[in-house]
A.B. asks: 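Below: one structure in structure tokens.
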Amino acid sequence: MEFKTRIQFNLTPSYPFHFDGTFHKPSHFPNNLKLEEWESGKYWQTLRCGNELYGLKLESKGTAIKPKLLVSIFSKKALSKDKLLNLKVEIIWRFEVDKDLKEFNEMVKRDKIFSPIFKKWLGMRNTAQYSLYELLIIVIVLQNATVRRSQQMLDALLAKYGIKLKFDNIKLWAIWLPKALDKVSEQELRDLKVGYRAKFIKKLSQDFSAGKVDEYRLRKLSREETKKELMKLYGIGPETARILLFEIFHQDDVFDHISPWQQKIYSMLFYNKKLVSADKIRKDVQRNYGKYSMLATHYIWEDIFWRRKNEHIEWLEKEIRL
DNA sequence: CATCAGGGCCCTG
DNA sequence: CAGGGCCCTGAT
């Protein structure tokens with residue numbers, strides 16, 4: 001499928017703004033059938049907004065003092081005014097274009113250990129690249145699996161049910177709509193070697209297809225209410241809910257659940273020690289960064305994965321099991 | 001060749 | 001609320 005119709009507009013992000021830190025998250029696992037593409041100053045992804053699919057391209061324009069985003073939206077046919085307005089609102093929300101980082105930046109400027117890292121990524125946002133359903137699929141293939149296996153599962157699912165979209169001379173994949181799995185049996189999903197996750201994917205897709213989950217309503221709830229609603233979903237426990245709260249609902253303080261593999265990486269990052277108790281890590285991070293505990297951790301976390309692109313970090317390689 | 005844990009969650013007792 | 005089971009893979 002190719003989208004050739006294009007409409008462009010500019011957005012002015014709140015200052016300061018860090019384009020590359022915002023639109024490339026090196027800690028995310030790379031599967032082969034790509035959902036997004038990035039190079040310095042440019043970013044492409046397929047974009048789900050309601051039941052519609054678009055191609056999205058973002059480019060860094062303007063200057064460091066006056067940052068600007070050039071947004072290009074590719075679609076099958078010309079967009080109505082309403083849809084365009086909706087998309088603008090959605091893009092601003094998803095990528096935190098308007099985020100007020102003043103208080104956060106003031107706080108981390110005084111950080112005794114990590115202020116250089118916060119300075120380096122000044123203006124970075126935590127983005128919601130995906131719709132709730134899309135990220136649910138991704139986090140489910142992450143559960144109880146090594147990175148390589150997660151890649152295999154997502155690739156297999158995309159190859160069978162995904163949509164290959166060409167726009168701006170680039171080919172990317174998009175995750176199917178929930179209703180596309182209406183007539184797909186649990187066994188057919190199992191045949192893609194997703195194991196017991198087939199049941200999760202099937203049930204979740206049914207619930208979304210039946211309109212039982214309203215992402216836009218959840219955005220308006222408090223953190224605790226949203227978490228409660230998410231945990232009701234079949235296959236969604238505390239860890240998955242935490243990821244969703246941060247990466248979809250922009251809750252900056254969800255540093256409550258620390259899994260064993262994260263504990264090992266945090267121990268090295270924060271203390272340069274092999275293993276610090278999860279309880280101590282949680283208390284220290286919450287005390288140091290308060291309502292920005294997850295956002296602050298996100299900066300430090302992504303920074304080490306950026307460094308990994310150019311240097312070999314022995315202890316990290318050991319923790320990233322392929 | 002077997003055995004086992006892994007970017008968790010569900011279900012049972 | 002603790003513990004077993006779950007799918008499949010690659011590591012040992």
Side-chain angles (χ1 to χ4, degrees), chain A residues 25-32 35 126 128-130 132-161 175 181 184-208 213 226-248 254-270 274-276 278-279 281-282 285 294 297-298 300-306 308 313-322:
Chain A
K25 305 297 183 186
S27 81
H28 291 184
F29 79 90
N31 60 314
N32 292 313
L35 302 167
N126 159 45
Q129 293 170 278
Y130 311 110
L132 176 58
Y133 177 76
E134 291 175 295
L135 189 58
L136 274 167
I137 298 298
I138 293 169
V139 292
I140 280 177
V141 301
L142 279 170
Q143 290 173 0
N144 204 22
T146 51
V147 171
R148 194 193 308 274
R149 186 150 141 64
S150 296
Q151 292 172 346
Q152 287 166 348
M153 288 189 279
L154 188 57
D155 283 336
L157 285 164
L158 280 171
K160 182 130 189 205
Y161 305 111
I175 287 179
L181 299 191
V184 174
S185 68
E186 189 184 319
Q187 187 54 48
E188 284 175 80
L189 292 168
R190 263 175 195 270
D191 292 343
L192 300 175
K193 305 183 178 186
V194 298
Y196 61 86
R197 298 169 194 80
K199 197 172 169 187
F200 296 178
I201 295 171
K202 181 64 192 166
K203 280 206 177 197
L204 282 171
S205 300
Q206 276 174 336
D207 285 350
F208 273 77
V213 188
T226 310
K227 185 174 181 179
K228 219 169 87 185
E229 294 285 312
L230 291 172
M231 300 259 290
K232 281 186 201 161
L233 297 173
Y234 193 76
I236 306 309
E239 170 61 6
T240 310
R242 187 195 62 75
I243 297 173
L244 295 169
L245 282 171
F246 184 58
E247 296 201 9
I248 292 287
V254 285
F255 200 81
D256 46 357
H257 184 272
I258 302 172
S259 64
W261 70 278
Q262 292 161 347
Q263 182 190 358
K264 289 179 203 161
I265 296 182
Y266 288 148
S267 298
M268 284 300 287
L269 277 180
F270 292 140
K274 277 220 158 152
L275 202 61
V276 177
D279 204 45
I281 297 173
R282 181 170 41 245
V285 168
M294 194 60 233
T297 305
H298 176 66
I300 299 165
W301 183 270
E302 291 300 329
D303 179 70
I304 192 79
F305 282 89
W306 274 98
R308 179 172 175 258
I313 305 163
E314 183 61 30
W315 65 266
L316 186 59
E317 294 307 317
K318 262 192 263 171
E319 301 307 338
I320 306 171
R321 290 222 180 63
L322 293 177

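Below, all heavy atoms of this structure are taken into account, side chains as well, without hydrogens, waters or symmetry copies. What you see is a predicted model, and the numbers here were worked out from it, not measured in a lab. Chain A is the first sequence line, chain B the second, and so forth, proteins listed ahead of strands; every chain is numbered from 1.
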A.B. asks: Please measure how far the P atom in B:dA5 lies from the corresponding atom in C:dG3, and state the result in whole Å.
C.D. replies: 15 Å
A.B. asks: Is there a donor-acceptor pair closer than 3.5 Å between any side-chain N or O of A:S267 and the backbone N or O of A:V276?
C.D. replies: yes
A.B. asks: Roughly how far apart are A:L244 CG and A:M231 CE, rounded to 0.5 Å?
C.D. replies: 11.0 Å
A.B. asks: Give a yes or no on whether the backbone of A:L233 and the side-chain of A:K203 come within a donor-acceptor separation of less than 3.5 Å.
C.D. replies: no
A.B. asks: Could you work out, with side chain to side chain donor-acceptor pair (under 3.5 Å) as the rule, every residue matching A:T297, not counting sequence neighbours?
C.D. replies: none
A.B. asks: Is B:dG7 syn or anti, taking syn as a glycosidic angle within 90° of 0?
C.D. replies: syn
A.B. asks: For the atom pair CD (A:Q143) and CE (A:M153), what is the distance rounded to the nearest 0.5 Å?
C.D. replies: 9.0 Å
A.B. asks: Give the ring-plane orientation class for A:F270 versus A:Y266, where under 30° counts as parallel, over 60° as perpendicular and anything between as tilted.
C.D. replies: parallel
A.B. asks: Please list, by residue number, the residues of residues 260-270 of chain A whose heavy atoms come closer than 4.0 Å to an atom of DNA chain C; answer none if no residue qualifies.
C.D. replies: none
A.B. asks: What is the nucleic acid contact for A:R197, judged by heavy atoms within less than 4.0 Å: base, sugar-phosphate only, or nothing?
C.D. replies: base
A.B. asks: Is A:E247 close to A:H28 at the side-chain level, that is, under 4.5 Å between some pair of heavy atoms?
C.D. replies: yes
A.B. asks: If each of A:K232 and A:L142 is mapped to the nucleotide of DNA chain B with the nearest heavy atom, which maps nearer the 5' terminus, i.e. the 5' end?
C.D. replies: A:L142
A.B. asks: Can you sort out the partners of A:W315 under ring-ring contact (aromatic ring centres under 6.0 Å, His included), two or more places apart, ordered by chain and number?
C.D. replies: none
A.B. asks: Can you check whether A:Q129 reaches A:I138 side chain to side chain, under 4.5 Å on heavy atoms?
C.D. replies: no
A.B. asks: Give me the first and last nucleotide of DNA chain C, going 5' to 3', that has any atom under 4.0 Å from a heavy atom of chain A.
C.D. replies: C:dC6 to C:dG10
A.B. asks: In whole Å, measure the gap between the P atoms of C:dG10 and B:dC9 for me.
C.D. replies: 24 Å
A.B. asks: Give one of base, sugar-phosphate or nothing for A:I236, where a contact means two heavy atoms less than 4.0 Å apart.
C.D. replies: sugar-phosphate
A.B. asks: In Å and rounded to the nearest 0.5 Å, what is the CD to CG distance from A:E239 to A:L142?
C.D. replies: 9.5 Å
A.B. asks: Please examine the side chains of A:R308 and A:I320, heavy atoms only from C-beta on, and report whether any two atoms are closer than 4.5 Å.
C.D. replies: yes
A.B. asks: Could you give the distance separating B:dC4 and C:dG4 at their P atoms, to the nearest angstrom?
C.D. replies: 13 Å
A.B. asks: Does A:G195 reach a base, just sugar-phosphate, or nothing at all? Heavy atoms under 4.0 Å.
C.D. replies: base
A.B. asks: Is A:L189 touching bases, backbone alone, or none of the nucleic acid, heavy atoms closer than 4.0 Å?
C.D. replies: nothing
A.B. asks: Return yes if some donor-acceptor pair links the side-chain N/O of A:E188 with the main-chain N/O of A:S185 below 3.5 Å, else return no.
C.D. replies: yes
A.B. asks: Within the 4.5 Å heavy-atom criterion, are A:Y161 and A:L189 side-chain neighbours or not?
C.D. replies: yes
A.B. asks: Got a minute to check which stems DNA chain C is part of, using Watson-Crick or G-U wobble pairs under 3.5 Å, three or more consecutive?
C.D. replies: B:2-6 with C:8-12, B:8-13 with C:1-6
A.B. asks: By the 4.0 Å heavy-atom rule, please label A:Y234 as base, sugar-phosphate, or nothing.
C.D. replies: sugar-phosphate
A.B. asks: Which of residues 144-153 of chain A have a heavy atom under 4.0 Å from DNA chain B?
C.D. replies: A:N144, A:A145, A:T146, A:V147, A:R149
A.B. asks: Would a distance-only check, ignoring hydrogens and angles, find a side-chain to backbone donor-acceptor pair under 3.5 Å from A:N126 to A:F246?
C.D. replies: yes
